[in-house]
Structure formats: structure tokens, C-alpha cells
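Everything below concerns the one structure shown next.
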Amino acid sequence: MSTKFEFAPRALLFGSVALACLAAGTPGAAQIPSAVFAGQPQNYGQNGATDQQAQTNVQQQPVAPSIAPTAPPPSISAVPAQAAQLSQQVQTEGTNRATTRATEAGITTPLGERLPPTPPGEYETYVAQVLGRSVPRFGASLLLPSARNFTPPSTAAVPPDYQLNPGDEILVGLTGSVQSELRLTLDNNGAVFIPRVGRVSLVGVRYGDLAGALSRRISDEYRDYRIAVSIAQLHGIRVYVTGYAANPGAYTVSSLSTLVNTVLAGGGPTAGGSFRSIQVRRGGKLVGDFDVYDLLLRGDKSKDIVLQDEDVVFIAPVGPQIALTGSVNAEAIYETKPGESIAEVLRYAGGLSTLADPTRTVVSRLSELDRRGWVQLSLADASTSPIAGGDILRFLSVADYARPLERQNILVTIEGQVDRPGHYYLPANATMADALTMAGGLTGRAFVYGAEFDRARVQQQQQRSFDEALQQLELSLAAAPLSQSVTDLNDAALRAQQLAAARAVVDRLRAARPDGRVVLETEPDSIALPLETVMENNDRLYIPPTPTTVGVFGAVFRPGSFQVNRARRISDYLELAGGEQRVADKREIFVVRANGSVVTRKRGALKARALPGDVVFVPVRTQSSTFWTRVRDISGLLLSAGVTAAAIAALTN
């Protein structure tokens, strides 16, 4: 490996300045042949050549004409400004060119190329079988997709503690009595050659000490100068990833790479590899043993050492593993070390969650599978028990099960036509009569028949039914192209339009939400609510004022709301709206009553007398195809899920 020696154009003045300094009697100035500093960049110290051989090579190069000094040498007071300027230039070039070299062909594995995730281990599969779902291994989330490159970026700043290695290139800038920019490469022995100074061994020298190491040698020949140094290019080092690694092998990595960088770039540990014991061996000696849990749980990276050339990274086999599931803050499979207790591993999991039962847990142990299976322990006993590899601890939640309603105090909301609307806290088993009494009773304008009674538990049930019906509708859409044949392109275009329209219906239905309304058994002329109804937590009772209109909407000539007249029937209001349009589906006309019930034409809706708050809807006639029939049938199921009938009809037409 050669040592490269380069000069910038202003280095041509180096010899003249040195001669001028000598002529002026500058103390310590040495006589420097102008040929050394006036020619083109030359290579010195080839393969560790001696100082004398290197000087002989220099003298055999063509000699450029020397430049006679025409002015006195620059004063020492001007040197700091020149040094600052040159130092900035050197630092900038060094940072921009700090990058790792290419991988040695046929020997190493390119860093950053990641294999697919390793398959789960036997214990991970066992935990998934016991629990019915997979539980991740703690630390596996650190192994990111293959697009992520774990190598230090080429623009990363070189830390002061970095030790120079053979092949690294450095930039040296000199100002003052001597002015030059040198680009030097450490040879195979870790040394550089500087003309008139000789070989300077830099192997193992810290980057922070580089300027001092060079200055001590250069000062033997020159005085009154300033020095600025930086790393121009890192040669890279070769390390070996062994043991239980996902992708073991030899790697050429950046000289700034650490143990963690290299292990993760190599795919990390396999299912049988340890996250808690990753060793670095240097020259046959153990120099580091890193626990990844320190990094993940405490942010401690102090033991993540910078690698050196020919280091061996060994991933030890995985230790005993236990699974912490249920009400913990970080549910996962954890690797344990000798002497650790369950309480310590529980701290790894972030402790119990807010909903955890603080009194007990259940444990499945391999030694108990044939006799007892799950074993219940108090939390204190479980925390002090020794760890047995293969344990599965399940921490129970206090919110996993519903409690008897008759023992729970409740909070309800009373709104509308009552004397004191608001939120009311009631004892268990309180009735609607109790709630209305606390709200001061009904006002004179209360419309009891139109009372809206919403219940959270019913809303949840309706939502589940709604989601199931919507899944059936989506399945029908997916199967429609398979169940009906297409004879020509026109049919295909029509089918595509139908499918697009149906998908739009599904999207709009997905945005709808059941309201949890319970239809109360009241008569149109009722003046009292079903007061014996037992209230539940989060119930909402809204009593509207008496409406004065009947609404007619859909495929009629003049949709709108009309003043109520109980002497009129529903058919009379259709006439007031101009009657049905030609596109109307007269067989599917329906009425939504103020209490939430639905009356269809088949049940005599048109002959029924109109009631305050009625909404009459006339749907648009759809095409008579099995496809749209299926859509309408399933939409009918959505009606039973608590979605307003008029809303469904509007969405599907």
C-alpha cells in the first residue's frame, strides 16, 4: 500500500518561502530543495520505503524551475488568519470525502443488504399455540426492513476517539513559515512519509491527537507554522460476524462502525441467538460483551464499542426465555440471565398496565403441563418465584369482564322538554321515573311519542350487526362478476357501472353509525313514558317538542315538509308533494314514525293516518337484476341494525 502525497497550487511557493526564511535568518529553518515542493504530486514511501529511499525517489523526478523570493516572508501576525482559512478548507474537504471503500470482491458480504426476517423459533411457535396469537420477541422490532441501512453515513463526523488504521487518508494543512496542503495515506504499517521530516507512525493514534502527533515531528524541521488536520477518507475495516447470526460472514465496514451497527446490518440474532450477549474478540481476547437490553430499555450505549480491523463479533446462543402477556405495558417474549427474577423481567415489560389486576396472575409452566396446565399465583408469589425457561405469564385485566348491572351506580343524560336538563348520577337499579323526577318532570310541550331513548350497550350490539351485514354486502359485490355472465361489451360496461355505483353505496354506508336507539312502547297520544324502565350507565333520554309537520321526500315532484293534519292520510301527503315520479318505486314506499318505528306500504302505510313527525320516503326504482336485488336485501338487514330507514333508502338509490 502506497502513501500518497499531494499539494495544492499555492504549495508551489513553499520552497521559495522556506528559502526566504532561511535567508532572513529564521531560527530553525532548514534548507529544502525546491524540487521537493515545486513538482507535480508524487508518491513517497512505497510499501513502507525507508526515508533515504523515498528521498532518492524524489531527487529522480523532473525539477520545476524554482521561484525566487521577491518579497520578505509573511509576518507571524498574518499566520493565524491564513491558518483559520486553510483549516476550514481542510475540514470541509475531509467531511465531504469521508466514506467507506467498496467491498472486497469474493471475500466479504456487502453491508446493508438484509435477508428476509428469520422464521420464529420453537418457543415463539409454542407461545402462539398456547395463546392462540403470536407474541413478538423483545428486541425483534429493532431489526427493521431490508431497505434500512445500518452503516454510519458517509457524512458522519469522525469522533476524537477514532483510532487511525492503515489505508485511512488524512489532509494536513500548513500555514506560516511553510504553506502546503498534504494528502497522506497510512501505509500497511500505519505510517505516512513527509518530505524532510521522514516517516511518522500514526497507527493507533486518536484522531483528536493527530495534529499533536504530526506537529511534534514537523517541529523538528520547521518553526512558526500552523497545522490543521482532518480525515479525507476512511479505508474501512474487515470484521467477522459469527455465532447465532441471521447472516454470518466477513464484512467490510466503515471504520466508524460499532458493534450494534455491524450486528444489525448482518441481520441480527436468529431465533436461537441472544440479544443479551454479543461479544467482541480482538486478537483472541474478549474486549466487550454487549447487552442489547441496555440500549433498548435504558438508552445505555456506553458498552457499544467501535470495531477495529479483524475484530470478531460473536452472537451467543439465546438464554432462557419467558413470555409476559396480558395487562403489561410491553407484551413480549423476554430473554433472561442467571439470577434474574420475574419481578426484574416485569420491569423490562414496563410493569403492569393501568387495567391490570394487582392481586393475581396465571402461569403456564412446561413442568406443569401434564398435571395442572395454568396455575394461579398471587402477584407477590409470582414476582419472587425463580425463572424457569418456557414460562408463560398472563397478567389479568380488571376490565376483561362485564359486572352485574344491578350493583353499579350510573350516569345518565336527560335533555329536551324537561324542567332541568342535564347529567344525573343515579343509584343502581334506578328507573326512568327516578331520572325524570331528578330532572323536574316533563314540560307542557313534551312530545312523549317522539322520545328518543339511546343506550350505549344497544349501540355496540347494533354496530356489530351493522358490520356483519356490511361484510355480506361487500362479499356480494366481489362475487357479482362471477355469478352473472357477460355477453357483449355493452353488458360489460353496464356491469362495471353497476359495480362502481354499488361500491360507492358501500363507502357511504361505512360512514354511517348506528345510534343505539331503543323504540319505546308508547302510543301517539301518550302523555307518560314507560317509567318502569330500568336505566343503565350512559343512557340518554331526549324528549322533543311536539312536531307540527309531516315530511315527504324521495322520488316525488315537490319534496318538503307539510303542516300536520290528523284527518289526512299518508296518501294525501303524497298528493300534496305532487305525487310519485315515473322513476319512483311505488311498491317500496315507507314511513318512519317519530318514535323510530317503520311502516311499509305492504303494512298499509298509505292508508294510515298521518302522525306528527312522520317522514314519508319514496325510493327510486332500481334495475330488476339479481345483483341489485341482493344489494337491496342486504340493505334491509342494515335496517335492523339501527340505521334510520330513510337514511338507508337514500344511500342505496
Side-chain angles (χ1 to χ4, degrees), residues 414-419 421 432 436 439-454 512 514-531 533 540-620 639-640 642-653:
I414 310 296
E415 299 178 285
Q417 298 302 305
V418 293
D419 191 50
M432 189 177 293
L436 288 173
L442 302 177
T443 67
R445 295 189 59 187
F447 184 49
V448 174
Y449 182 67
E452 182 179 336
F453 184 47
D454 301 331
D515 54 16
R517 183 174 183 178
V518 178
V519 178
L520 300 176
E521 293 187 5
T522 56
E523 297 299 327
D525 296 328
S526 295
I527 59 173
L529 290 162
L531 301 178
T533 304
R540 173 183 174 270
L541 178 62
Y542 171 71
I543 298 92
T546 302
T548 60
T549 61
V550 171
V552 182
F553 302 99
V556 293
F557 286 97
R558 186 171 182 147
S561 296
F562 303 90
Q563 189 170 9
V564 67
N565 185 338
R566 294 203 177 189
R568 291 175 175 167
R569 300 181 183 276
I570 296 298
S571 57
D572 296 329
Y573 284 96
L574 285 174
E575 293 300 325
L576 290 175
E580 302 92 338
Q581 296 180 0
R582 294 182 60 183
V583 296
D585 191 344
K586 299 179 182 180
R587 296 174 302 175
E588 300 297 334
I589 296 175
F590 59 88
V591 180
V592 181
R593 297 292 193 188
N595 69 340
S597 62
V598 178
V599 182
T600 64
R601 180 168 183 169
K602 295 178 181 179
R603 295 173 56 192
L606 296 184
K607 298 179 180 180
R609 293 193 179 276
L611 299 176
D614 281 353
V615 176
V616 184
F617 194 83
V618 182
V620 176
L639 295 179
S640 63
V643 180
T644 304
I648 288 294
L651 290 174
T652 56
N653 288 278

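What you see below is based on every heavy atom in this structure, not just the backbone, and it leaves out hydrogens, waters and symmetry mates.
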More than 12 heavy atoms of other groups within 6.0 Å of R558 CZ
no
Would V556 and L574 satisfy side chain to side chain contact (heavy atoms under 4.5 Å, CB included), going step by step from the backbone distance to the final call?
CA-CA 8 Å; V556 293; L574 285 174; 4.3 Å; yes
When rounded to the nearest 0.5 Å, the distance separating CZ of F447 from CD of Q417 is 12.0 Å
Could you walk me through whether F453 and T533 pass the side chain to side chain contact (heavy atoms under 4.5 Å, CB included) check?
CA-CA 11 Å; F453 184 47; T533 304; 4.2 Å; yes
Sorted by chain and number, sequence neighbours left out, side-chain contact (heavy atoms from CB on, under 4.5 Å) with T549 holds for S561
Shortest non-hydrogen pair, A555 vs V620, comes out as CB-CG2, 4.1 Å
For I527 and L442 the tightest heavy-atom approach is O-CD1, 4.1 Å
In terms of heavy-atom contacts, A446 and T546 come closest through O-OG1, 4.0 Å
Output a table of donor-acceptor pairs, distance under 3.5 Å, between side-chain atoms of residues 601-616 and any protein atom two or more places apart or on a different chain; print 'none' if there are none.
{"unit_1": "R601", "atom_1": "NH1", "unit_2": "K586", "atom_2": "O", "d": "2.7"}
{"unit_1": "R603", "atom_1": "NH1", "unit_2": "V598", "atom_2": "O", "d": "3.2"}
{"unit_1": "R609", "atom_1": "NH1", "unit_2": "A567", "atom_2": "O", "d": "3.2"}
{"unit_1": "D614", "atom_1": "OD1", "unit_2": "R593", "atom_2": "NH1", "d": "3.2"}
{"unit_1": "D614", "atom_1": "OD2", "unit_2": "R593", "atom_2": "NH1", "d": "2.3"}
{"unit_1": "D614", "atom_1": "OD2", "unit_2": "L611", "atom_2": "N", "d": "2.8"}

CG of L541 to CD1 of I414, rounded to nearest 0.5 Å, is 4.5 Å
Distance col, row D515:CG vs E452:CD, nearest 0.5 angstrom, shows 6.0 Å
| Does some side-chain heavy atom of D585 sit less than 4.5 Å from a side-chain heavy atom of R587? | yes
Smallest heavy-atom separation, G416 atom then P421 atom, equals O-CG, 3.9 Å
All heavy atoms of P559 vs all of G554, minimum pair found to be CG-O, 4.1 Å
d(Y542 OH, R540 CZ) to nearest 0.5 Å is 8.0 Å
Review point. Does any non-hydrogen side-chain atom of Y449 lie less than 4.5 Å from one of S526?
Key: no
*Could you please spell out the steps behind the side chain to side chain contact (heavy atoms under 4.5 Å, CB included) verdict for E580 and I589?*
CA-CA 10 Å; E580 302 92 338; I589 296 175; 3.7 Å; yes
Practice prompt. Answer yes or no: does atom CD of E521 have more than 12 heavy-atom neighbours from other residues, nucleotides or ligands under 6.0 Å?
Written response: no
With sequence neighbours left out, the residues meeting salt bridge (charged side-chain N to carboxylate O under 4.0 Å, His left out) with E575 are none
A439 and V418 have their tightest heavy-atom pair at O-CB, 4.0 Å
| request: Step by step, work out the side chain to side chain contact (heavy atoms under 4.5 Å, CB included) result for V552 and L576. | output: CA-CA 9 Å; V552 182; L576 290 175; over 6 Å; no
query: Do F590 and F617 have ring centres separated by under 6.0 Å?
result: yes
